[in-house]
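Everything on this sheet refers to the single structure shown next.
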Amino acid sequence: MTDSYDIAVIGAGPAGMSAAITASAAGARVVVLDDKPRAGGQIYRNVTCSPLSNTDLLGPDYTQGAELVAQFEACRAEKISAANVWHVGDNGEILFSQAGASASLTAREVVVSVGAMERPFPIPGWHLPGVMTAGGAQVMLKSDGLVQDDAVFAGSGPLLYLIVAQYLRLGVKVKALVDTTPKQNYLAAASLLPGALSHIDVLTKGIGLLNEIRRAGVPVYKYAEDLNVLGEQQAEGLRFTSKGVVHSLEAEHVFLHQGVIPNLNMTRAIGAEHAWNRDQLSWQPVINDWGQTSVAHIAVAGDGRGIIGADAAALSGQLVAWQQLARLGLISLSDAANHSQPLLQQLQRYQGLRRFIDRLYQPVDALRRPESAETMVCRCEEQTRGQLKAAFDQGARLPDELKGLTRCGMGPCQGRQCGHTVSELLAQWQGTEVEDVGYYRLRSPMRLINLTELARFQPHQQTHGVEVKS
Amino acid sequence: MNAIAGNRNKASVIIIGGGIQGCSTAYHLAKRGVDVLVLEKDRVARHASGVNAGGVRLLGRDIAEVPLSKVAMRRWQTLDEELDGDTGFRRRSLINIAADEADMQTLHTRQALMHQWGYHHETMIDQQELRERLPHVADYCVGGVVSETDGYAIPYKSTFAFRQAAARAGTEFVEGQQVQGVRRIGNSWLVETASGRYEAEYLVNCAGAWADQIAVMMGDNCPMTYSAPMLMITTRMPHFATPVVGAVSRPLSFKQFENGTVLIGGGAKGFADRAHNRTRLDYAKLAVGASNAVDFFPIMRTATVNRMWAGLEAYMPDNLPVISASVNSPNAFHAFGFSAHGFQLGPVIGEVMADLVTRGCSEFDLNPFRVDRFERKVL
């Protein structure tokens with residue numbers, strides 16, 4: 001084992017695995033660090049070792065990942081799994097902890113392929129025990145085969161419908177699907193439909209999921225708004241308005257989901273420039289066509305560059321690899337261009353579909369920027385919208401200033417759950433653009449690290465002196 | 001070119017730098033009815049004043065600083081009421097731990113010196129009392145020294161409280177105004193930034209890690225350096241330490257806040273890139289800090305580090321600040337170079353600077369803090 005590489009890939013989802021396969025096949029010395037025991041990322045989590053006896057129930061989008069995972073396992077890249085990467089420097093230094101100790105390595109080029117996280121869903125009561133994200137429910141299913149009966153699923157987006165369908169196929173009872181996609185989104189997205197027809201299979205799959213849910217007899221409440229999780233100490237149900245009628249459903253488990261946003265703590269802490277994506281209503285790193293960020297030698301692939309979906313993520317991983325191979329001098333610029341061209345074209349073809357999906361499932365303002373003063377914004381430090389507004393009224397204008405006065409964003413989630421909400425609320429209160437407000441200033445550790453593991457960190461061993469041949 | 005619309009561009013006093021010293025000076029001047037403008041190159045409390053360890057420490061001060069620090073400590077006890085704000089100050093006592101007999105010897109020598117000067121606020125404690133005060137301290141620690149009035153405050157909130165109080169008293173703060181040049185024309189100071197021109201009778205340099213640049217513009221050279229002291233903080237832990245903790249001879253300092261989080265410092269420095277407002281962390285040194293923390297307090301083995309950071313801070317060769325009238329220009333004053341222990345002095349420095357501006361003198365002996373103190377030495 002060595003500790004310096006041509007390329008380090010952080011995250012072994014579709015993008016990272018694809019980058020590693022392409023780069024290692026072309027002769028680069030590649031290392032892949034992933035926080036899970038097995039490769040696959042969120043989407044292909046445990047696809048090769050599922051606790052479920054019949055993974056087909058999870059759908060072909062899941063099972064097809066097994067092939068990519070197998071290719072990845074067979075490729076020559078060195079794999080470091082169950083590694084907690086807590087620092088990636090703009091100089092290519094990577095610090096991680098694994099099995100109780102910290103270690104370091106360096107790489108000439110870095111691929112950040114850390115994927116997406118579910119968009120926070122700040123409604124009254126979302127912080128109560130019993131409320132989880134739908135993605136969290138899926139993780140329990142994929143990792144441990146755990147499910148919850150009689151849960152209410154609420155929100156919008158393909159992943160929500162997929163998880164409900166997966167539950168139903170496993171025979172789990174679902175209390176209701178509360179769909180927050182507003183009517184105007186269907187109208188607005190309709191005009192973008194022609195651009196998405198090249199991926200008609202994806203569209204039909206989506207419609208199929210909804211039909212499957214309806215056929216199973218699950219009540220579907222459309223155009224839901226004014227969502228409130230009921231209960232004081234614990235979730236007891238969900239209240240909402242659908243088509244002008246107020247409904248209160250009793251449930252011990254409420255699963256929320258309104259799409260995914262890029263995982264940004266790593267690219268932010270590295271110091272890459274970020275911009276606000278007005279279609280996806282989320283921050284994303286500023287990149288060129290190949291995924292190169294504003295920081296030399298740091299590229300992003302997959303959903304971490306802006307949400308593109310698993311198939312496009314795999315393409316973006318290959319793309320990054322070709323560019324880095326050229327920069328490393330392992331292939332010529334013209335070879336890189338030849339390999340990149342078809343990938344760029346294929347990625348381009350996903351854009352029409354993406355625009356349609358983004359528009360159709362664009363979360364409404366009220367579900368991103370809480371309106372009631374009592375709604376929790378920062379769950380870790382228990383800061384409500386009202387408390388943040390009071391600090392704003394005192395003079396805090398930037399996320400870090402709000403953080404300094406209220407501690408919002410200082411907790412163990414490292415701002416992941418409140419960062420977007422805080423940026424958007426500050427922009428709203430000032431009547432300015434989210435871009436002008438910015439985000440928390442983040443730095444390493446990008447993940448929590450145990451103090452003893454940190455204490456055991458030994459810096460990189462430098463070798464001194466020049467070997468002289470006699 | 002004029003000042004930013006909506007802001008005045010003339011005042012009696014312009015303070016350069018919106019850290020705790022600048023905000024406190026503004027507060028003290030404004031309270032006396034002086035017309036003050038603060039120019040801040042970024043945002044108020046953006047650098048060291050907003051991100052330091054929050055130590056409010058009288059213990060272990062250089063003899064020259066003790067009179068200032070004692071007055072400041074009195075002020076901290078009632079600062080929230082005075083400023084009508086929330087500095088987060090908590091009186092918790094501060095204990096410097098002696099890890100061995102050599103440390104105890106160091107403390108005895110210090111004790112003798114303090115008594116000789118008539119100072120009795122530092123009290124030595126033996127092993128038994130150390131354990132009573134810090135039940136989780138490692139068994140091998142033999143004693144220590146305590147200062148009862150010490151504690152901590154929340155740096156951003158403290159600086160903000162001074163700013164708010166100053167603003168209420170009429171001080172104007174203009175942020176995003178990096179001073180590019182100052183000129184002395186007649187009886188006025190003209191100050192230029194990228195987007196504004198300002199004018200005042202008096203200038204006060206509280207520019208922190210950039211203060212040597214401002215000093216040069218005012219005509220005073222000084223051998224200031226800057227660095228990036230690093231800190232890290234854990235997620236919440238069960239309560240185990242009430243006093244703020246330091247060590248006599250090892251780079252360790254930590255405090256557990258009311259919410260259970262533990263801030264670990266100790267003076268290890270990262271890398272400072274002040275031209276770009278940036279710092280880099282030195283993880284190997286942070287690892288040493290982590291190791292020391294676990295070594296002194298085994299309970300911290302299971303602690304989880306949540307955040308690490310560093311701020312840009314100014315240092316002088318003798319680790320004493322510059323608190324001084326300019327030697328080469330009239331109506332110009334300096335307060336900078338606090339060498340990572342200026343936060344506690346904030347309340348008194350504002351008062352001293354207000355005295356220098358309005359009365360031309362201070363009740364404190366400021367000779368050790370003269371801006372030209374290094375020029376008299378032959379290097």
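A note on names: the letters A, B, ... follow the listed sequences, proteins ahead of strands, and every chain is numbered from 1.
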Study note, to complete from the structure: So, the part of N259(B) with a heavy atom under 4.5 Å from chain A: the answer is side chain
Review point. Are any non-hydrogen side-chain atoms of I264(B) and L451(A) less than 4.5 angstrom apart?
Key: yes
Point to revise | Which portion of T234(B) sits near chain A, non-hydrogen atoms under 4.5 angstrom | key: neither
Revision key, fill the gap. In terms of heavy-atom contacts, L454(A) and L286(B) come closest through CD2-O, 4.2 Å
Exercise for review: Could you have a look at R407(A), R441(A), R456(A), R397(A) and say which one has the most heavy-atom pairs with chain B under 4.5 angstrom?
Suggested key: R441(A)
Point to revise | Backbone of P445(A) reached by a side-chain donor or acceptor of R307(B) within 3.5 Å | key: no
Review point. Rounded to the nearest 0.5 Å, what separation is found between the NZ atom of K285(B) and the CZ atom of F457(A)?
Key: 12.5 Å
Point to revise | Heavy-atom side-chain contact between K403(A) and Y156(B) under 4.5 Å | key: no
Practice item. Determine the minimum heavy-atom distance between R278(B) and D90(A), stating which atoms define it. Key: NH2-OD2, 4.1 Å
Point to revise | Donor-acceptor under 3.5 Å (Q414(A) side chain, N306(B) main chain) | key: yes
Check your understanding: Do you know which of T304(B), N292(B), I154(B) has the most heavy-atom pairs with chain A at a distance under 4.5 angstrom?
Key -> T304(B)
Practice item. Against chain A, label A45(B) side chain, backbone, both or neither, depending on which of its atoms sit under 4.5 Å from a heavy atom there. Key: neither
Practice item. Look at R280(B) together with E93(A) and state whether they make a salt bridge at an N to O cut-off of under 4.0 Å. Key: no
Check your understanding: Measuring heavy-atom distances to chain A, does I233(B) have an atom under 4.5 Å in its side chain, in its backbone, in both, or in neither?
Key -> neither
Review point. Going by atom types alone, do R443(A) and T279(B) pair a side-chain donor with an acceptor below 3.5 Å?
Key: yes
Practice item. Look at the aromatic rings of H87(A) and Y283(B) and report parallel, tilted or perpendicular, splitting at 30° and 60°. Key: tilted
Review point. If every non-hydrogen atom of Q394(A) is compared with every non-hydrogen atom of Q164(B), which pair is closest and at what distance?
Key: O-NE2, 2.9 Å
**Study point:** Heavy-atom pairs under 4.5 Å with chain A, option from A167(B), P155(B), A287(B) with the top count
**Key:** A287(B)
Review point. Does any heavy atom of chain B fall under 4.5 Å from the side chain of L95(A), the backbone, both, or neither of them?
Key: side chain
Check your understanding: Any side-chain heavy atom of F160(B) within less than 4.5 Å of one from E401(A)?
Key -> no
Point to revise | Separation of S444(A) OG from M232(B) CE (nearest 0.5 Å) | key: 13.5 Å
Check your understanding: Are any of the side-chain heavy atoms of T235(B) and L448(A) separated by less than 4.5 Å?
Key -> yes
**Study point:** salt_bridge(R43(B), D400(A)) N-O dist < 4.0 Å
**Key:** no
Review point. Which bit of M446(A) comes within less than 4.5 Å of chain B, counting heavy atoms only: side chain, backbone, both or neither?
Key: neither
